[in-house]
Structures are given as structure tokens and as C-alpha cells.
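The structure under discussion appears below in the form of C-alpha cells.
Quick note on labels: first sequence line is chain A, next is B, and so on, each numbered from 1. Since we're looking at a predicted model, the values are computed, not measured.
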Protein chains: 2
Amino acid sequence: MNTPLPNKSVRGSDSGIAIMAVFDLLGRKWNMRILWQLRQGALSFRGLQQSCDGMSPSVLNSRIKQLNEAKLLQTTEQGYQLTALGMTLMDKLDPLRGWASEWEEVLKQQ
Amino acid sequence: MNTPLPNKSVRGSDSGIAIMAVFDLLGRKWNMRILWQLRQGALSFRGLQQSCDGMSPSVLNSRIKQLNEAKLLQTTEQGYQLTALGMTLMDKLDPLRGWASEWEEVLKQQ
DNA sequence: TATTGCGCTTCTAAATTAGTAGCGATACTA
DNA sequence: TAGTATCGCTACTAATTTAGAAGCGCAATA
């Protein structure tokens, strides 16, 4: 499975290709979740696996490779952690928490 | 395939369950993209299909059902369109466009 | 030396997604 | 009125992705 990256586009076209790559990458199961779990700091392979409800190691490993290739995640002595780019992405996603609560409320009102 | 919704959680637990449901829902192929394409207004079934690179009608139909169940999308006389909730979600995702450009730049540098 | 835990790899099964064909309905055209 | 076109969508099979279990090789510890 290849990693979706934005640079395959025609330069200067700006027809939304970069964000489509974001949707493609984040739209794969576990990718958002993995990055989210790393917001607070580094995690080991098995720690990350556990924090993601015991996702299978084969999938985790392939995700790590993709996210690393996309420069959102890096391997360090402390374990896996976000790159600066990964952190800014999570900052952008942070407001979703508030939205999620609203969503929950609306759905509760059946 | 069942729709991930936040209300299955224990009330008041607030252990991030709602946002996990968001990740689960948006982490399915095409869901973000479909909502994104509807930002500017309603689209017909085939119009939506075309704007999503010709995604298969069977998948599109199942996505429409999920997003409708999640109250993010609704059917109107004009076609499929975002609900108010869906629009606020897209507002939250809008900053991703800027981030995507930065990401593109970083990846361009070797 | 034995045990424990680690980061993975390998394999098969299950689930999801893709893709093609086409139905029944409506609308417009010759 | 018969033909054509387009629509939303269904039904089906094939391809791809994800799940899940087992366990290897390595390092640290007992």
C-alpha cells in the first residue's frame, strides 16, 4: 500500500490536490488515531498498539512506515513520536474535540 | 458496516470517546472527501460520484447512508447536502488546507 | 541458564472497497 | 407513441485492505 503524498501534483495548480492527499492519508483506518495518541509524547510499539485498542501489529507497522514516509512521525530513543509537522497537524485537529461533544449532544436528542 | 456514533459511551465519562467516533467515521475511505465536496452546495448522486473521482456507486450509497445516520448529510430536493452539523465540521476541517500546503512544501525539500 | 519483554514479521481469514452491468423511474424527443 | 437519455440506486464478483494469531531474534534481567 503506497503512501499518499501531495507532491505528485502539477506545480502551481493548487486545485486542492494537497488536501486530497491529506484526506487520503488520514482516511485510512488508524492513522488519525495513531497520531492522536502520540500528542502527549512518545510511545513504544506495544504501547502504541495498546493505546489503539490492541490494533494488529501488522497494520500498525505498515502505518508507522507510511506516517514516517509522510514525515509526520519519527523513531527516537524514547519510542515513536510526532515530528514538528505531525504536531502542527494535531493542533489543527484539536478543535475536533469540541465539535465531537456537540455532535454527541445533537445525536442524543435522538 | 455499522455507522460509528459517539452515544454508545457511558454518560459523563468523557474519556475521549466522542472524538474516537469521529476518527472512526472520518477514517473510512471517502467520508471526508464526500463531505468536503458538499461544502459549496448540494450535489446529485452522480455529480457527487464524479466529483469524487468516479468512486463506485455501491460505496457511495453506503457512505450516504452512514453520513445521513450521523446527521452530517441530508437529502433535499436540490440533491445531497450538508446538515448544519456537517457544515460546522467542515469549518473545523478548513484549516487543514493551509496545513496541507505547508506539508507539501516540506516534502518538496528533498 | 532461563525468563521476560521488546520490535517486529509472516501467515491466513475476514472485512471493506472497487468496478461493471443494468434495473425501474422520469423526462424529453422524434 | 416509441425511442432515447439520464437519474438514483442495486446486485453481483473481484481486488485490496485490515484483523488476528503465532512466534522469531534480540536484549535485558533474574
Side-chain angles (χ1 to χ4, degrees), chain A residues 1-5 8 20-38 40-83 86, chain B residues 1-5 8 20-38 40-83 86:
Chain A
M1 205 166 48
N2 69 329
T3 307
L5 299 173
K8 290 149 191 167
M20 296 309 168
V22 176
F23 291 157
D24 199 353
L25 182 64
L26 298 186
R28 292 179 179 180
K29 201 165 178 182
W30 295 116
N31 273 347
M32 276 179 143
R33 177 72 179 271
I34 288 169
L35 296 173
W36 189 258
Q37 298 295 155
L38 292 173
Q40 315 285 6
L43 284 173
S44 67
F45 188 94
R46 295 203 178 185
L48 193 48
Q49 187 186 10
Q50 278 169 24
S51 78
C52 291
D53 303 326
M55 69 175 291
S56 81
S58 48
V59 177
L60 177 54
N61 190 45
S62 95
R63 292 299 184 269
I64 286 171
K65 281 175 185 158
Q66 283 168 25
L67 295 171
N68 179 64
E69 202 175 341
K71 304 209 181 191
L72 301 178
L73 174 155
Q74 59 194 340
T75 310
T76 69
E77 292 180 353
Q78 285 78 44
Y80 298 105
Q81 65 181 211
L82 298 180
T83 60
Chain B
M1 204 165 50
N2 68 330
T3 307
L5 300 173
K8 291 149 191 166
M20 296 309 169
V22 176
F23 292 157
D24 199 354
L25 182 64
L26 298 185
R28 292 178 180 181
K29 200 164 180 184
W30 295 116
N31 272 347
M32 275 180 144
R33 177 72 179 271
I34 288 169
L35 296 173
W36 189 258
Q37 298 296 154
L38 292 174
Q40 315 285 5
L43 283 172
S44 67
F45 187 94
R46 295 204 178 185
L48 193 48
Q49 186 185 10
Q50 278 168 24
S51 78
C52 292
D53 302 326
M55 69 174 292
S56 81
S58 47
V59 178
L60 176 54
N61 191 45
S62 95
R63 290 302 183 266
I64 285 171
K65 281 174 184 157
Q66 282 168 27
L67 295 171
N68 179 66
E69 202 174 341
K71 305 210 180 189
L72 301 179
L73 174 155
Q74 60 194 341
T75 310
T76 69
E77 292 180 354
Q78 286 78 44
Y80 297 105
Q81 66 180 210
L82 298 180
T83 61

Heavy-atom pair of closest approach, residues [X] and [Y]:
X	Y	answer
A/Ala21	A/Pro4	O-CB, 4.0 Å
A/Pro57	A/Gln49	CD-NE2, 3.4 Å
B/Leu43	B/Ser51	CD1-OG, 3.9 Å
A/Leu38	A/Leu73	CD1-CD1, 3.8 Å

Interatomic distance, [X] [atom1] vs [N] [atom2] [rounded to whole Å]:
X	N	atom1	atom2	answer
B/Glu77	D/dG8	CD	P	14 Å
A/Leu60	C/dT9	CG	P	11 Å
A/Ile64	C/dC6	CD1	C1'	13 Å
A/Asn2	D/dT16	CG	C1'	12 Å
A/Leu43	C/dG5	CG	C1'	17 Å

- Task: Measure from the side-chain heavy atoms of A/Ser44 and tell me the nearest of C/dG7, D/dC7, C/dT17.
- Result: C/dG7
If you measure from [atom1] on [X] to [atom2] on [Y], what distance do you get to the nearest 0.5 Å?
X	Y	atom1	atom2	answer
B/Met20	A/Asp53	CE	CG	8.0 Å
A/Phe23	B/Leu26	CZ	CG	9.0 Å
A/Leu35	A/Trp30	CG	CH2	13.0 Å

- Specify the residues of residues 47-55 of chain A, ordered by number, for which at least one heavy atom lies under 4.0 angstrom from an atom of DNA chain D. none
- Residues in residues 24-37 of chain A with a heavy atom under 4.0 Å of DNA chain D, by number, are A/Lys29, A/Trp30
Would you tabulate the nitrogen or oxygen pairs shorter than 3.5 Å linking the protein to nucleotides 10-12 of chain D?
residue	atom	partner	partner atom	Å
D/dT10	OP2	B/Asn61	ND2	2.2

- Sorted by first residue and then second, give each salt bridge (charged side-chain N to carboxylate O under 4.0 Å, His left out) pair with at least one member in residues 68-82 of chain B; sequence neighbours left out. none
- Message: So, under a plain 3.5 Å distance rule, would you say the side chain of A/Arg46 forms a donor-acceptor pair with the base of C/dG7?
- Response: yes
- B/Leu72 vs B/Leu25 side-chain heavy atoms within contact, under 4.5 Å: yes
Using a 3.5 Å cut-off and no angle test, enumerate the donor-acceptor pairs between side-chain atoms of residues 59-67 of chain A and protein atoms at least two apart in sequence or in another chain.
residue	atom	partner	partner atom	Å
A/Ser62	OG	A/Val59	O	3.2
A/Arg63	NE	A/Lys29	O	2.9
A/Arg63	NH2	A/Lys29	O	3.3

Polar atom pairs between nucleotides 25-30 of chain D and protein, under 3.5 Å, N or O only, would you list them?
none

- Task: Evaluate side-chain hydrogen bond (donor to acceptor under 3.5 Å, both in side chains) for A/Gln37 paired with A/Arg33, printing each intermediate quantity in order.
- Result: CA-CA 6 Å; A/Gln37 298 295 155; A/Arg33 177 72 179 271; 2.9 Å; yes
